[in-house]
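In what follows, every heavy atom counts, from backbone to side chain, and hydrogens, waters and symmetry copies are set aside. Owing to the predicted nature of the structure, the values given are computational and were not obtained by experimental measurement.
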Amino acid sequence: MKRLPYFCLGKVVRGFGRCSKQLGIPTANFPEQVIPDLSPGIYYGWASVGNGDVHKMVLSIGWNPCYKNTKKKSVETYIIHIFKEDFYGEIPSIVSTGYIRPEKNFSSVDALISIIQDNIEEAKRQQDLPEHMKLKKDNFFHIPENKIMNGH
């Protein structure tokens, strides 16, 4: 696994349409060329959309074995905040600060939803630790986008 924290940004694109509709957990999806250089799995960290406020987030990187993806590795970011509207085309900045678990398959959509909710709670707990809180104020969230590259 590459070192953390890992800094990344990219334009939000349409995903598979499953997280919001089937799972009730809307995610911001990055295009394939912006996939972080991290092992597949579930991570937590901080995210900001544009120059907006910084919020806790959960990041899924991988093949979504529950849905049997084989052709497209995905990066789905659940920002722990209620947004008034979609932000397709916006550029979120994310900092992955920790690792929760590897990706795995689930026997049902209900089991998947349950573990996602557990992941969200774990991310909230971890991000309250002092070593993670300091990254919320990192200058990365305030640098003009043409001045930074993935992997910062």
Side-chain angles (χ1 to χ4, degrees), residues 1-103 106 109 112-113 115-124 126-127 132-152:
M1 184 182 311
K2 298 288 183 178
R3 67 178 170 80
L4 295 175
Y6 189 89
F7 297 75
C8 180
L9 56 85
K11 186 183 273 190
V12 175
V13 297
R14 293 202 180 272
F16 297 107
R18 298 184 288 235
C19 288
S20 290
K21 293 180 180 83
Q22 290 182 359
L23 306 177
I25 304 163
T27 58
N29 298 277
F30 285 156
E32 287 183 75
Q33 61 268 31
V34 183
I35 293 178
D37 188 19
L38 296 170
S39 299
I42 310 303
Y43 296 81
Y44 57 86
W46 299 104
S48 175
V49 179
N51 287 320
D53 293 336
V54 179
H55 304 284
K56 295 174 182 178
M57 66 88 180
V58 178
L59 178 72
S60 172
I61 301 171
W63 301 96
N64 299 317
C66 190
Y67 290 101
K68 299 176 180 32
N69 290 356
T70 57
K71 296 184 185 210
K72 185 177 177 187
K73 190 174 182 182
S74 68
V75 176
E76 300 167 303
T77 306
Y78 174 68
I79 301 173
I80 304 172
H81 177 75
I82 298 173
F83 291 91
K84 293 180 183 176
E85 54 191 40
D86 290 336
F87 47 89
Y88 292 110
E90 293 290 331
I91 299 179
S93 302
I94 64 167
V95 177
S96 299
T97 59
Y99 179 78
I100 297 175
R101 64 173 178 82
E103 68 175 343
F106 297 92
V109 171
L112 175 60
I113 291 169
I115 195 77
I116 291 171
Q117 294 299 336
D118 290 348
N119 296 336
I120 291 168
E121 292 307 311
E122 179 66 12
K124 289 177 183 178
Q126 292 295 327
Q127 288 306 92
H132 298 304
M133 284 296 282
K134 66 182 179 182
L135 287 167
K136 181 178 182 180
K137 298 182 188 305
D138 194 278
N139 287 334
F140 172 73
F141 293 112
H142 307 290
I143 296 174
E145 46 188 77
N146 63 350
K147 299 287 184 187
I148 189 126
M149 297 180 65
N150 290 342
H152 158 52

Checking V58 against I80 for the side chain to side chain contact (heavy atoms under 4.5 Å, CB included) test, could you report, in this order, the C-alpha distance in whole Å, the side-chain angles of both residues, the deciding distance, and whether it holds? CA-CA 8 Å; V58 178; I80 304 172; 4.3 Å; yes
Taking all non-hydrogen atoms of both residues, which atom of [X] and which atom of [Y] are closest, and how far apart?
| X | Y | answer |
| --- | --- | --- |
| A123 | I100 | N-CD1, 4.3 Å |
| V49 | E90 | CG1-CB, 3.7 Å |
| P40 | E103 | CB-OE2, 3.6 Å |
| F30 | G10 | CE2-O, 3.3 Å |

Using only heavy-atom distances, determine whether the side chains of E121 and Q117 contain a donor-acceptor pair under 3.5 Å. no
Just how far is it from atom [atom1] of [X] to atom [atom2] of [Y], taken to the nearest 0.5 Å?
| X | Y | atom1 | atom2 | value |
| --- | --- | --- | --- | --- |
| K56 | K136 | NZ | NZ | 7.5 Å |
| L112 | I25 | CG | CD1 | 7.0 Å |
| L4 | T97 | CG | OG1 | 7.5 Å |
| I91 | S48 | CD1 | OG | 11.5 Å |

Taking the side chain as every heavy atom from C-beta outward, state whether [X] and [Y] have any pair of such atoms under 4.5 Å apart.
| X | Y | value |
| --- | --- | --- |
| L59 | I42 | no |
| Y44 | Q127 | yes |
| N119 | Y78 | no |
| L38 | Y43 | yes |
| F87 | I79 | yes |
| M57 | S96 | yes |

Would you say D138's side chain and F140's backbone share a donor-acceptor pair under 3.5 angstrom? yes
Closer than 3.5 angstrom, by distance alone: can the side chain of W46 be matched with the main-chain N or O of H132 as a donor-acceptor pair? yes
Aromatic rings H55 and H81: how do their planes relate, parallel, tilted or perpendicular, breaks at 30° and 60°? parallel
Under the criterion side chain to side chain contact (heavy atoms under 4.5 Å, CB included), which of V75, V12, V13 is the partner of P31? V13
Knowing that exactly one of L135, V95, N51, D53 qualifies, which makes a side chain to side chain contact (heavy atoms under 4.5 Å, CB included) with F141? V95
